Amino acid sequence: MRPGNLFLVIAVLSSVLWSGIAACAERQRVACLGDSITAGARVEPALAYPAQLQELLGQEFEVRNFGIGGATLIKRGRPNVWSQLAAVKQFAPHQIIISLGTNDTVSGNRKNWEKIDHFRPEYQDLIDSLAQLPTNPKIVLCTPTAMVLETPGLTPQRRADLQERQPRLQQLCNWVRELAQANAEKNVSLLELNPVLAQHPEWLTEKDGVHPNAEGYLAVARAVAGHLRTTARPATSSSPPTRQRPNIVFFLVDDMGWQDTSVPFHTERTPLNDRYRTPNMERLAREGMKFTQAYACALCSPTRVSLMTGMNAARHGVTNWTLRKNQQTDRGHAKVIAGHWNVNGLSPANGIERSVHAVTLPSLLRQAGYRTIHVGKAHFGAQGTPGEDPKNLGFGVNIAGHAAGGPGSYYGKNNFSAAFRRGDRIWDVPGLDKYHGQDVYLNDVLTTEANAQIDAAVADGQPFYLYMAHYAVHAPFEANLKLIKKYQEQGLRGHAAVYASMIESMDESLGAILDRLKQHGIENDTIVVFMSDNGSPRNNPRNLPLRGFKITPYEGGTRVPLIVRWPGRVERGSRCDQYLIIEDVFPTFLEMAGVDGYQQIGGKIDGVSFLPLLKQSGEYPRERPIFWHFPNTYDQPPYSSVRQGDWKLIYQHAEQRLELYNLADDIGETNNLADVHPEIRQRLAKLLADFLRESGAVMTTSKATGKPVPLPAS
């Protein structure tokens, strides 16, 4: 046979063989079930979101639309989704996207709201019915899309109607979230569609305020596609296996300074590096990458909300520590009044006054199939608001987290309560009753509980996100009695010895978690990230050569230790001197987990993924500006600041004074160069002012003028 003919025969046989293989590999069938949003009201069918979803997902998926205009979940309303159930079952989907609720809030002739008590039980019936399909489908519950009062062309009557219906819609959103959480074991996940259109009136049909236009449907389709890509599984055994998502452990320490460790983050060792014993941090640094210029906010709640949302504190508005609903934690100041900041913290629901409503990191990871575990300090939202409970913010498990930012006591014999010192019981650590009265230390108890959660996730074969947020080393300063003696013997006394024992106890917890990962054989499949939420408080030894301490605008208040271990991806024993900031963790973790297509409410995420730095390849904006904003009068005067490159500018609100430092030459911020380099001062002042304006940052008020303190100027 001639070579050309042989090649032709091989090509034909290969084509036939490939066609046979492709035929055996079943496409992922996706059923879109819902109301007029799903049906594509107000646009051509080809522009409805299921049609655009098919285009985005490609030929590996088969998307079929079971949406009907005006559909209701309530069986007593007509038309309703139950009329489509038989067709959905016949389609035998692998994934089912359910988007319902908007029409169940309508007053109108059907008067569905009068029957709204049926919504939850009948939604549960629908879930139970679909979960029994032979394909064992993944079921995605979507919060209803938003009603947007800013939509062009709304009549006064239409706007009033939407205003009446909005609280009902948010109630339905909360019910959908609760249903998704309650049915997690039935392959049910949550997709937050409510925020996708909320800040985009240009994506809604004019004069309507409810139904998307073509651009809006595309935005919805992108959100759904991103969720589906993270949860899709091979439809048949002939499909290629997918790589297991990595587990993520974020080990966040409270109030630990840059130098409060035996791991040197400076160019040389300092006396504090020789004082403290943190062998497990050393172990992590040997096995991963150490970041020498990592930043957080200058105090706890702002840092934690930035982590959860990817937003800078100036944008999310939680600029001081939270505790009680509607109560500021600021103090008086001679020249200024604290800004009107979000004292109630982070909220999963819209309409909670003085709070930021946002999509959270754990909620996105949970939608992607992660078991989301919260252990330790939460401090996301004020007492009496939804944000005080981590389970309302995307965590499937919450151990010991609540509104307070410190423990009543570290001792089990004190029931982890402030009662023994006649303190306010708001500080009592919840949910640890089984340890009350025992001679145990809080760090050890939280570690035991965290490891039990790792055991459960491994047993179930589920990837997990463990947010190990220690109360340590925050006040009250109570020694770990098993460890303090060695520090007393080396000459430390009083608070110094107590604090050193607390540091080592925290490090022991890190070691116990690393050991548990190794025992399960999953250390190579688990990313471990160590970080602190702000600098060390003023009553601890100074973190020299840094200036300042917790809450101040100087490096001692914001520069923190950061170590990342990711076996096979991050070079062992490596070091990175590029600066980054806490909101960068949000997009980095999502990229690590393979989650894309997500959007934040308001459409803005300030964080930048630092995955290129970890991989030491790819593009990263090395001269990007990063910002801090503290329009508050708690403990320290109010300020705003920016760093770009080696230069850092601080704007002191009360004095309306600018400070300029070159951190490469002056890490201790001892030499104010504001008058020496007016061109740099002017450039950074404009950069800071523009960001504060764009982000909607609140400012302090001048007592002299009764007006907001002006934005920084040159």
Side-chain angles (χ1 to χ4, degrees), residues 257-259 265-268 270 292-299 302 312-314 319 333-336 338-339 534-538 541-560 577-579 581 622-693 697 699-700 702 704 708-714:
W258 189 57
Q259 297 285 60
F265 285 85
H266 189 34
T267 52
E268 57 192 40
T270 67
T292 62
Q293 299 193 66
Y295 290 97
C297 301
L299 68 171
N312 185 271
T319 55
H333 189 279
K335 294 185 176 182
V336 292
N534 48 247
S536 192
R538 69 164 75 212
R542 291 283 75 76
N543 267 234
L544 299 175
L546 303 185
R547 176 182 177 181
F549 41 83
K550 175 181 177 180
I551 312 177
T552 69
Y554 303 106
E555 296 291 288
T558 57
R559 192 181 290 210
V560 294
D577 296 323
Q578 170 63 40
Y579 61 82
I581 193 167
R622 295 181 181 273
E623 293 291 317
R624 63 182 277 237
I626 58 175
F627 303 91
W628 295 266
H629 186 54
F630 182 69
N632 301 89
T633 55
Y634 172 75
D635 187 72
Q636 295 295 311
Y639 59 84
S640 305
S641 55
V642 56
R643 175 177 178 176
Q644 186 178 42
D646 293 331
W647 291 97
K648 178 176 173 183
L649 182 83
I650 300 171
Y651 177 52
Q652 300 283 3
H653 290 202
E655 307 297 333
Q656 298 179 34
R657 185 183 75 251
L658 293 171
E659 301 174 22
L660 179 67
Y661 302 100
N662 186 299
L663 297 177
D665 299 332
D666 181 21
I667 193 174
E669 298 168 288
T670 59
N671 188 14
N672 183 0
L673 301 175
D675 294 332
V676 179
H677 294 285
E679 73 289 351
I680 297 175
R681 180 194 70 211
Q682 181 177 2
R683 173 172 58 83
L684 292 181
K686 183 179 185 304
L687 192 64
L688 178 57
D690 288 347
F691 176 75
L692 294 175
R693 188 180 297 110
M699 295 294 289
T700 51
S702 168
V709 168
L711 295 175
S714 61

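FYI, side chains are in, hydrogens and waters are out, and symmetry mates aren't considered; it's all heavy atoms of this structure. Please read all numbers here as calculations on a predicted model, not as lab measurements.
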Among Leu692, Leu711, Leu688, the one residue meeting side-chain contact (heavy atoms from CB on, under 4.5 Å) with Tyr651: Leu688
Any side-chain to backbone donor/acceptor pair from His333 onto Lys335? Under 3.5 Å, distance only. yes
Can you tell if the side chain of Ser641 reaches within under 4.5 Å of the side chain of Glu659, non-hydrogen atoms only? no
All heavy atoms of Ala313 vs all of Pro302, minimum pair found to be CB-CB, 4.3 Å
Parallel, tilted or perpendicular, judged at 30° and 60°: which one describes the rings of Trp258 and Phe265? tilted
Asn662: side chain to side chain donor-acceptor pair (under 3.5 Å) partners, not counting sequence neighbours: none
Do the non-hydrogen side-chain atoms of Val336 and Thr633 ever get within less than 4.5 Å of each other? yes
Within a strict 4.5 Å, meaning less than it, do heavy atoms of the Thr558 and Trp628 side chains meet? yes
Donor-acceptor contact below 3.5 Å, side chain Tyr579 vs main chain Gly645: yes
Report yes or no: does Arg542 contribute a side-chain atom to a donor-acceptor pair with the main-chain N or O of Arg538 at less than 3.5 Å? yes
In terms of heavy-atom contacts, does CG of Asp675 have more than 12 from other residues, nucleotides or ligands at under 6.0 Å? no
Is there a side-chain contact between Gln293 and Arg643 (heavy atoms, below 4.5 Å)? yes
So do Pro631 and Met699 actually touch side chain to side chain, heavy atoms under 4.5 Å? no
Applying salt bridge (charged side-chain N to carboxylate O under 4.0 Å, His left out), can you list everything that pairs with Lys648, at least two apart in sequence or on another chain? Glu555, Glu669
Please answer whether the main-chain N or O of Asn671 pairs with a side-chain N or O of Asp666 as donor and acceptor at a distance below 3.5 Å. yes
Minimum side-chain heavy-atom gap Ile667-Arg559 below 4.5 Å: yes
Criterion side chain to side chain contact (heavy atoms under 4.5 Å, CB included) on Leu649 and Arg681, from CA distance to verdict: CA-CA 7 Å; Leu649 182 83; Arg681 180 194 70 211; 4.1 Å; yes
Should the pair Phe630 and Tyr639 be assigned to parallel (<30°), tilted (30 to 60°) or perpendicular (>60°) ring geometry? tilted
